[in-house]
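Here the structure is a predicted model, which is why all the values come from computation and not from measurement. Counting starts at 1 for both ligands and their atoms, following the listed order.
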Amino acid sequence: MDIEAQKRAAGEAAIEFVDDKMIVGVGTGSTVKYFIDALAKIKQRIDGAVSSSEQSSKLLREHGIPVLDPNSVGEIPLYVDGADECDPHRCLIKGGGAALTREKILVAVAKKFVCIVDVHKCVEVLGKFPLPIEVIPMARSHVAREIVKRGGQPVWRQGCVTDNGNWILDVHGLQITDPVKLESEWNQIVGVVTVGVFAQRSADVVLVGDGRRFGRG
Ligand code: 5RP
């Protein structure tokens, strides 16, 4: 199965987690796009969506799916999103699409987080994919220096402005053997908005495009 077919398979498989009258949390990226296409086919069954990016909100609206403000919906039953890397404990690197902060907010308010990936995203240890970090623009150099002290090689993703008006550093050269620790410690660096490690709250279920699935539920 080629990668595109795997992305589609994973995106379509996530539909089984959608119940009637749900407000569905929707992530960002090329895999999620297939989930949105599949969601559109059952849109009359759901009450609407909350979205992790302007890009996904636009797609949802084009399909006639109402996009709601997360502040007005409270806890959501389900959040579906892709990842850049996924380890055997369902810890993730996310943020390749620069939507990591809104993604982490939706993960935090979701009862169940279903992650959809193709087989190439599955790794033993996180870090080969450069770790995205969203930073306040005026803190870019400070955060970069702090990351170098911690053994990373930060590269400024030039030209990229997040939906929140911030910038992204992509950190190369990492082997993240303790993702919970790294997430917690690096989030404390002044000027960091969000570290793209999702480990303190990992995925509940991972659906791989080759048909494998792991996790709870
Ligand atoms: C966006 C993300 C995406 O989920 C991640 O980049 C995977 O994207 P794709 O499905 O296009 O490979 O974290 O910020």
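- Here the rule is side chain to side chain contact (heavy atoms under 4.5 Å, CB included) with R212, and of L207, V119, V117 only V119 fits it.
- Not a single heavy atom of K33 lies less than 4.0 angstrom from ligand 1.
- For atom 12 (O) of ligand 1, the nearest protein heavy atom (residue, atom name, distance) is K121 NZ, 2.7 Å.
- Among all non-hydrogen protein atoms, the one lying nearest atom 9 (P) of ligand 1 is S30 OG, 3.3 Å.
- In terms of hydrophobic clustering, with Ile, Leu, Val, Met, Phe, Trp and Tyr side chains grouped at heavy-atom distances under 4.5 Å, F198 and I133 are assigned to different clusters.
- Of the polar atoms of A99, at least one N or O is found under 3.5 Å from an N or O of ligand 1, judged by distance alone.
- Here the CD atom belonging to E4 is positioned 8.0 Å from the OG1 atom belonging to T31, to the nearest 0.5 angstrom.
- Atom numbering of ligand 1 starts at 1 in the shown order; those under 4.0 Å from a heavy atom of G82 are 4 (O).
- Below 4.0 Å from some heavy atom of T31 lie the following atoms of ligand 1, by number and element: 9 (P), 10 (O).
- Seen from the ring of W167, R157 does not count as a face-on cation partner, given the 6.0 Å and 45° thresholds.
- Residue-ligand proximity, D84 to ligand 1, at heavy-atom distances under 4.0 Å covers atoms 5 (C), 6 (O), 7 (C), 13 (O).
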Next on the checklist: Working note: R213 + V208, criterion side-chain contact (heavy atoms from CB on, under 4.5 Å); need CA distance, chi angles, decisive distance, verdict.
Outcome noted: CA-CA 6 Å; R213 59 178 58 199; V208 189; over 6 Å; no

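- Looking at V67 and V50, their side chains never come closer than 4.5 Å, going by heavy atoms from C-beta outward.
- In D81, the part holding a heavy atom less than 4.0 Å from any atom of ligand 1 is the side chain.
- Atom CZ of R8 has 12 or fewer heavy atoms from other residues, nucleotides or ligands within 6.0 Å.
- Checked by distance only, ligand 1 and G95 come closer than 3.5 Å through their nitrogen or oxygen atoms.
- Side-chain atoms of Q6 and D210 form no donor-acceptor pair, as typed in the model, at a separation below 3.5 Å.
- Rounding to the nearest 0.5 Å gives a distance of 11.0 Å between CD of E134 and NZ of K104.
- By the 4.0 Å heavy-atom criterion, A83 is counted among the residues contacting ligand 1.
- Shown in contact with G96 at under 4.0 Å from a heavy atom are these atoms of ligand 1, numbered in order with element: 6 (O), 13 (O), 14 (O).
- Every atom of ligand 1 is numbered from 1 in the order shown, and the set under 4.0 Å from a heavy atom of G29 is 11 (O).
- With respect to R90 and D204, no salt bridge is recorded, no charged nitrogen being found less than 4.0 Å from a carboxylate O.
- Contacts between A98 and ligand 1 below 4.0 angstrom, taking non-hydrogen atoms only, involve the backbone exclusively.
- Proximity to T28 (heavy-atom distance under 4.0 Å) selects the following atoms of ligand 1: 1 (C), 2 (C), 3 (C), 4 (O).
- Here the shortest heavy-atom distance to atom 2 (C) of ligand 1, taken over E103, K104, R102, belongs to E103.
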